[in-house]
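Just the heavy atoms: all of them, side chains too, but no hydrogens, waters or symmetry mates, feed the values below. Fair warning: this is a prediction, and the values are worked out from it, not measured in the lab.
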Amino acid sequence: MDRSGLADLTWVTVGTPLPSGPMRFGVTDRGVAAATYTADGLGGLPAGGPPCSDGRRAELVTERVTAYFTARRRTLDLPLDWRLSSGPHRAVLQRLQADVGWGRTITYGELASLSGVFEELTEPGAAARTVGQMMGANPLSLLVPCHRVVAADGLGGFGAGWREGPEVKRWLLTLEGVLQPTLDWDGPEV
């Protein structure tokens with residue numbers, strides 16, 4: 001993980017209707033480098049770092065994320081700074097971002113196969129489990145939609161050990177029309 005040049009990482013907080021509350025987005029001069037659903041930070045980077053002082057960047061992130069959460073935007077189209085992922089992890093994340101759009105899902109195993117980076121793994125299920133771990137370490141949550149990666153037999157995990165994780169995944173998949181809204185759905189009409 002290349003953290004060089006991330007000393008200039010500043011944060012934009014965007015209110016969301018998610019059960020977890022606001023999201024935090026770490027931005028650099030290259031684009032969004034980190035996104036987290038919790039205030040705890042990400043991979044050793046404190047989400048409580050300095051606020052973004054570039055009004056243009058902060059406004060762009062806020063506008064696009066808000067439009068997504070109100071179902072007025074299906075792609076965020078924000079510039080990404082990929083420095084917090086590398087090698088196979090980055091390849092899998094980039095394949096996910098390129099191929100699995102709004103309203104679609106893919107299984108961990110299908111993403112492993114599609115990415116082409118696990119050809120040497122022969123143990124059954126090993127590639128799918130590895131993709132699951134990669135999704136849990138996604139530095140660009142929401143922007144690289146790990147919520148769209150599901151288990152072959154259900155939703156799968158989301159945010160290992162994070163109490164609101166499964167509800168956030170359900171909420172996002174309901175917003176995107178993958179899941180039917182329940183009676184207590186509190187999002188926009190989908």
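- Between the side chains of Arg30 and Thr28, no donor-acceptor pair of N or O atoms lies under 3.5 Å.
- The minimum heavy-atom distance between Pro139 and His89, with the atom names listed, is CD-CE1, 4.0 Å.
- When every heavy atom of Cys146 is checked against every heavy atom of Asn138, the shortest pair comes out as SG-ND2, 3.4 Å.
- Between the CD atom in Glu167 and the CG atom in Leu172 there is a gap of 11.0 Å [rounded to 0.5 Å].
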* To do: Decide side-chain contact (heavy atoms from CB on, under 4.5 Å) for Gln97 and Leu140; before the verdict, give the C-alpha distance in whole Å, the side-chain angles of both, and the deciding distance to 0.1 Å.
  => CA-CA 10 Å; Gln97 184 197 28; Leu140 291 162; over 6 Å; no

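- Taking CZ of Phe118 as the reference point, atom CG of Leu111 lies at 7.5 Å (rounded to 0.5 Å).
- For the pair Ser20 and Val168, the tightest heavy-atom approach, listed with the atom from each and the gap, is OG-CG2, 3.5 Å.
- To the nearest 0.5 Å, the span separating CZ on Arg90 from CE on Met134 amounts to 12.5 Å.
- At a threshold of 4.5 Å between non-hydrogen side-chain atoms, the residues Arg72 and Thr66 count as touching.
- In this structure, Leu175 and Pro188 approach most closely via the heavy-atom pair CD1-CG, 3.5 Å.
- When only modelled atom types and interatomic distance are considered, Glu176 and Tyr68 share a side-chain donor-acceptor pair under 3.5 Å.
- Within the 4.5 Å cutoff, the side chain of Leu155 has heavy atoms near those of the Leu179 side chain.
- Atom-to-atom distance recorded for Leu173:CG and Lys169:NZ is 6.5 Å, nearest 0.5 angstrom.
- Side chains of Phe25 and Leu78 form no contact here, defined as non-hydrogen atoms less than 4.5 Å apart.
- For the pair Met23 and Phe69, the minimum side-chain heavy-atom distance is below 4.5 Å.
- When all heavy atoms of Ala34 and Leu84 are compared, the closest pair comes out as CB-CD1, 4.0 Å.
- The distance from atom OG1 of Thr10 to atom CG of Asp54, rounded to the nearest 0.5 Å, is 7.5 Å.
- Val100 and Pro145 get closest at one heavy-atom pair: O-CG, 3.8 Å.
- Of the inter-residue distances, the one linking Leu143 atom CG with Asp81 atom CG reads 12.0 Å to the nearest 0.5 angstrom.
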* After noting the C-alpha distance and the side-chain angles of Arg64 and Leu60, does the key distance pass the side-chain contact (heavy atoms from CB on, under 4.5 Å) rule? -> CA-CA 6 Å; Arg64 299 268 173 96; Leu60 180 65; 3.5 Å; yes

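- Ring-plane geometry between Phe158 and His147 is classed as perpendicular, the angle between the planes exceeding 60 degrees on a 0 to 90 degree scale with a lower cut at 30.
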